[in-house]
Each structure stands twice: as structure tokens, then as C-alpha cells.
Amino acid sequence: MFINFKHEHKCFNLRVASVIKKDEKILLARDMDYYTLPGGRVFFGETTEAALKRVLLEELNVIVKIIKLLSINENFFDYEEDQYHELLFVYLCEIETENNEEIKEDFVSHKQKSYNYISTKELMNVNFKPGFLLGDLKNMTNDILHNVNK
């Protein structure tokens, strides 16, 4: 059971996302007309790190090494008729290439998402969600960031 619930028009999500870099590019998932960091929801009783490893194995068929926690994000937004309160943990990851093939450009998963490496320069020109993370992606620090987007 995922840690997400809905009561009337109020929704809560616990999500994880990855920053996977290759050269001067970051791996993004394309879903319809916008890009996001690859990731997904957390199961009840699952750590955020275990959830991220599971999601990336399911979606991309890759094993990742988690390097460090980059940010904890509280995101409040409306989607259709619903109000969302989302907690998002973002981790810096590396693909363990000795166990996996490299992800090719324009890779399409079984869930019909496409995955593309986008240069950090191009990042500002794509429809990226949640947009408040763009600054963090351009200027990664050694600190764990806490963002509130309300």
C-alpha cells in the first residue's frame, strides 16, 4: 500500500526522486507534456532509499547506488479539483554500470514514459515539474536543502 491518501478533495503523497547525472546532463522522465525527476511513491513500511531503488529498477531496469540526500521538499499544489500536500525526498544517485547497461537517449519504459538526459543549460527551457526544484538542480551544494513550495 502506497503512502498516499485522499479524503474528499485533499490528498497526501510521500514520494522519492533521483538526480542521475551523466557528463553535464541530468536524467529526466517525460510524462505527457512535462518533465520530472525519475521516481515514484513510497510503500508503507518502506524506507525512502529502498523505495527509490525499487522504483528505478521497475521503471528503468537499473540498479542504483544512492550517494546522498539532496533535499526534503514540502510541496502544496492543486491538481484538477484536488488540493495536494506532498513530501518529496530527492537523492543524488549513480547507476551501477557493472550490473546494468547504460540508459540510452530517448529510452521508453514499459509504462510509456520516456527518459532523456537533458543538459543543465536546456533544463530552464523545458516544462519541468515541480519548477521550484530547478534552482537546486543548477546549484547543487553539500548541504541537505529543505524547500517549502506553497
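What you see is a predicted model, and the numbers here were worked out from it, not measured in a lab.
Ring geometry, Phe76 versus His85: the interplanar angle falls from 30° to 60°, so the pair is classed tilted. Ring geometry for Tyr79 against Tyr84 counts as perpendicular: the plane angle is over 60°, on a 0 to 90° scale with 30° as the lower cut.
Within a 6.0 Å radius of NE2 in His7, no more than 12 heavy atoms belonging to other residues, nucleotides or ligands are found. Annotation: Lys68, atom NZ; neighbour count of heavy atoms from other residues, nucleotides and ligands within 6.0 Å is above 12.
Within the 4.5 Å cutoff, no side-chain heavy atoms of Leu56 are placed close to those of Ile95. Contact annotation: the side chain of Val19 approaches that of Val90 to within less than 4.5 Å [non-hydrogen atoms, C-beta and beyond]. Within the 4.5 Å cutoff, no side-chain heavy atoms of Tyr35 are placed close to those of Leu123. Side-chain contact between Arg41 and Asn13 is present, with heavy atoms from C-beta onward closer than 4.5 Å. The shortest side-chain heavy-atom distance between Leu69 and Phe89 falls under the 4.5 Å cut-off. Under the 4.5 Å side-chain criterion, counting only non-hydrogen atoms from C-beta, Glu94 is not in contact with Ile20. Looking only at side-chain heavy atoms (C-beta outward), Asn75 and Leu88 stay at 4.5 Å or farther from each other. Taking 4.5 Å as the limit, some side-chain heavy atom of Ser114 sits within range of a side-chain heavy atom of Arg30.
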(Q) One pair to check against side-chain contact (heavy atoms from CB on, under 4.5 Å): Lys150 and Glu74. What are the steps and the verdict? (A) CA-CA 8 Å; Lys150 193 166 187 177; Glu74 299 180 61; over 6 Å; no

Show your reasoning for whether side-chain contact (heavy atoms from CB on, under 4.5 Å) applies to Leu145 and Leu70. CA-CA 6 Å; Leu145 301 174; Leu70 292 174; over 6 Å; no

- Message: Is there a side-chain contact (heavy atoms from CB on, under 4.5 Å) between Val16 and Val42? Walk through the geometry before answering.
- Response: CA-CA 7 Å; Val16 290; Val42 178; 3.7 Å; yes

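Looking at Ser18, its side chain does come within 3.5 Å of a backbone N or O of Pro38 through a donor-acceptor pair.
Taking CD of Glu24 as the start and CD of Glu122 as the end, the distance is 12.5 Å to the nearest 0.5 Å. For the atom pair CG of Asn4 and CG of Leu87, the computed distance is 12.5 Å after rounding to the nearest 0.5 Å. Atom OG1 of Thr36 sits about 7.0 Å away from atom CZ of Arg15, to the nearest 0.5 Å. Here the NZ-NZ distance, from Lys53 to Lys65, works out to 9.5 Å after rounding to the nearest 0.5 Å. Atom CD1 in Ile26 sits 10.0 Å away from atom CD1 in Ile118 (nearest 0.5 Å). The line from CZ of Arg54 to CD of Glu59 is 9.5 Å long, rounded to the nearest 0.5 Å.
Among Tyr117, Tyr115, Phe128, the one residue that satisfies the side-chain contact (heavy atoms from CB on, under 4.5 Å) test with Leu28 is Phe128.
Nearest heavy-atom pair across Ala17 and Leu52 is O-CD2, 3.6 Å. Smallest separation of non-hydrogen atoms from Val64 and Glu96: C-CG, 4.3 Å. Between Leu14 and Phe12, the shortest heavy-atom distance links the atoms N-CE2, 4.0 Å.
By the criterion of side-chain heavy atoms lying less than 4.5 angstrom apart, applied directly or through intervening Ile, Leu, Val, Met, Phe, Trp or Tyr residues, Phe5 is not grouped with Phe2; the two fall into different hydrophobic clusters. Hydrophobic clustering of Ile, Leu, Val, Met, Phe, Trp and Tyr side chains at less than 4.5 Å, counting indirect connections, unites Val126 with Leu37.
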Could you tabulate the donor-acceptor pairs under 3.5 Å formed by side-chain atoms of residues 129-144, not counting sequence neighbours?
unit_1	atom_1	unit_2	atom_2	d
Asp136	OD2	Asn147	ND2	2.6
Thr141	OG1	Asp143	N	3.2
Thr141	OG1	Asp143	O	3.4

